[in-house]
Amino acid sequence: PAEQEIDSMDAIGTKTGTATSVALNEFDYLEGTGAIQAVFTDAGLYIGDSFAAALDITDYLNGVAVVPLNFTDASKISSVQLRLETSASAYYAVISTSDSIGDNFINGWNLVRFALANKTTTGSPAVTNILSWKLYITLTSGQTQTIIIDRISLQKAVAHMFEYYSNLLFLDGTTG
């Protein structure tokens, strides 16, 4: 498939981590029946889960990971990191740092995209044996924020979504 779902975020289920006040949000979500919300701080807290069966991400290594996040105040976000783990000491990580945040994140929903080609490797993870994921969100010093997370997925290709606005609603493509 062109897309691999990492987590639908429609239920808390077996999700664990250091983020606090983890709850199901059935009112503010993009896909499915809900989203997960949790409180993150400047301590680099995370939320994560294990897969029922090992995931092979070989076909997605030149694609992107997409993580929909809803920020109350995007200016307070220091970094967002997604880890795809074979174990706690063997994983691939993609990160968005403070250098790229100011221009890219807005208050409200953001489709945060990570190029998997830019991943860093810790230990010796196996692309054919990804057993869990973790999403770390770090805020700027002294900050705390409730962040909503929706359906996390991997996509084989980097898709560009261009928007075009026009005041010519019924323009004929042949005659203009």
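Start at 1 with the first residue, then count along the sequence.
Here the side chains of Ile47 and Ile36 are in contact, with some heavy-atom distance below 4.5 Å. In this structure the side chain of Val67 never reaches within 4.5 angstrom of the side chain of Trp133, judged on heavy atoms. You'll find the side chain of Ile130 stays beyond 4.5 Å of the side chain of Tyr91, heavy atoms only. With contacts defined as side-chain heavy-atom distances shorter than 4.5 Å, the pair Thr138/Ser79 qualifies. Between Leu154 and Leu84, the closest side-chain pair of non-hydrogen atoms falls below 4.5 Å. Annotation: side chain of Ile147 is not in contact with side chain of Asn70 (no heavy-atom distance under 4.5 Å).
For the atom pair Ile57 CD1 and Lys119 NZ, the distance stands at 7.0 Å (nearest 0.5 Å). Expressed to the nearest 0.5 Å, how far CH2 of Trp109 lies from CG of Asp28 amounts to 5.5 Å. Taking CD1 from Ile95 and OH from Tyr136, the interatomic distance works out to 11.0 Å, rounded to the nearest 0.5 Å.
The existence of a salt bridge linking Lys15 and Asp7 is confirmed by a sub-4.0 Å separation between a basic side-chain nitrogen and an acidic carboxylate oxygen. Taking the charged nitrogens against the carboxylate oxygens, Arg151 and Glu5 do have a contact shorter than 4.0 Å, which makes a salt bridge.
A cation-pi arrangement is not found for Arg83 relative to Tyr92, the charged atom failing to lie both closer than 6.0 Å to the ring centre and inside a 45° cone about the ring normal.
The main-chain N or O of Tyr29 is never found under 3.5 Å from a side-chain atom of Asp150 such that the two would form a donor-acceptor pair. Remark: the backbone N or O of Tyr46 is paired with a side-chain donor or acceptor of Thr18 at under 3.5 angstrom.
Side chains of Asn129 and Thr86: no donor on one and acceptor on the other come within 3.5 Å. Side chains of Gln143 and Asp42: a donor-acceptor N/O pair is absent below 3.5 angstrom, by distance only.
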